Amino acid sequence: MRIATYNVNSVRMRLPILERWLAEASPDLVAIQETKVEDKDFPREPFEAMGYRVEVHGQKARHGVAMLSKLPITIAARGFGDGDQEDDRRLMVADVEGIRFVNSYVPNGTQVGTDKFVYKLWWMKRLRKFLDETCDKGHPLVWLGDVNVAPTADDLHDAKRNYGKVGHHPDEFAALADVTGWGLTDVYRRFHEGPGHYTFWDYRLPKAVERGLGWRIDHIYANDAILNRFTAARVDVWPRLEEKPSDHAPVVADLDWP
DNA sequence: ATGGTGGCCATGCCA
């Protein structure tokens, strides 16, 4: 089974690249973030034509998540279901082949010290609470998506410059550790160590990919019930180098399942 | 220290 996470920064703008990448990588399950489209306007047909079931949880203009699956998929949740900020569509949960997949678009946080930064930390607290209250530690679970945190100095190109700024702040490290403390391990880091493994490059930096000016903020985590089934992980950098790219690249992982 | 690009949708805001 091959799974992937991809922040597409508008699914409609990214259709041509998505179609090329899906054909090339042929993942069985894809967690998409930043679809930026209402459910009624989601371009389902191109994905269905490629053999994918399409599940969406979107809104107009901002945020929005979706999942594509070649295998039967059952939606377990759209949003936290805790009644707070349910208009902010950043989370969906699906069961595929006996694995629970938690697809999330963690808030960016904008700037340390702002309300949005507080919201980011609070959102991650809610995610931990959601795992505690609705998921079973003994059952296979994968958490994947744009986590908007580079948790170690190796996860961004200039940790010294960015330490204490949004995306690389100790409060974010603690919030992320709180989520992973539920029992989750970073799958990508089981296969690749050291700097230079990035998934996001700011549009505003010319030749950012070529110059290595990236961040590893798109992650795949797994609990102990499934972790040892993973056999490989990679970042597909090439879609970031195409014309009209997302600012993120897809992260792909393979697992021996079932 | 500042602004750079891109997507949304119409004007600045968010990332």
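Fair warning: this is a prediction, and the values are worked out from it, not measured in the lab. Protein chains get the first letters and strands the later ones, always in sequence-line order, with residue 1 at the start of each.
Under 4.0 Å is where a charged nitrogen must lie from a carboxylate oxygen, and between A/D155 and A/R189 at least one such pair does. Using a cut-off of 4.0 Å between Lys/Arg side-chain N and Asp/Glu carboxylate O, A/R229 and A/D256 are scored as not salt-bridged. Here A/D39 does not pair with A/R78 in a salt bridge; the nearest charged N to carboxylate O distance is not below 4.0 Å.
Counting to the nearest Å, the C1' atom of B/dC8 and the CG atom of A/N9 are 10 Å from each other. Atom C1' of nucleotide B/dC8 and atom CZ of A/F42 are separated by 17 Å, given to the nearest angstrom. Rounded to an integer number of Å, the gap from A/L15 CG to B/dG7 P is 13 Å. In this structure, the CG atom of A/D41 is 18 Å from the P atom of B/dG7, given to the nearest Å. For the pair A/E38 CD and B/dG7 P, the computed distance is 19 Å after rounding to whole Å. Remark: C1' of B/dG3 and CG of A/L205 are 11 Å apart, rounded to the nearest angstrom. The CD-P distance, from A/E242 to B/dG6, rounds to 15 Å in whole Å. The distance from atom NZ of A/K60 to atom P of B/dA10 is 7 Å, rounded to the nearest whole Å.
Annotation: B/dG6 and B/dT11 have their P atoms spaced 23 Å apart (nearest Å). Comparing the C1' positions of B/dC14 and B/dG4 gives a spacing of 15 Å, expressed to the nearest Å. The gap from the C1' atom of B/dG3 to that of B/dA15 amounts to 15 Å, rounded to the nearest Å.
Ring geometry, A/H197 versus A/H192: the interplanar angle falls from 30° to 60°, so the pair is classed tilted.
Inspection of the A/K36 and A/N9 side chains reveals an N or O donor paired with an N or O acceptor under 3.5 Å.
A 3.5 Å limit on both hydrogen-bonding distances identifies B/dT5 as the Watson-Crick or G-U partner of B/dA15.
Note that the CG atom of A/N223 and the CZ atom of A/R100 stand 11.5 Å from one another [nearest 0.5 Å].
Partner A/V179 forms a side-chain contact (heavy atoms from CB on, under 4.5 Å) with one of A/L127, A/V149, A/V147 and no other, that one being A/L127.
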Taking N or O atoms only and anything under 3.5 Å, show me the protein contacts with nucleotides 13-15 of chain B, one pair per line.
residue, atom, partner, partner atom, Å
B/dC14, OP1, A/K116, NZ, 3.1
B/dA15, OP2, A/T110, OG1, 2.9
B/dA15, N6, A/R204, NH1, 3.4

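A/S10 has no side-chain polar atom (N or O) that falls below the 4.0 Å cut-off from OP1 or OP2 of B/dG6.
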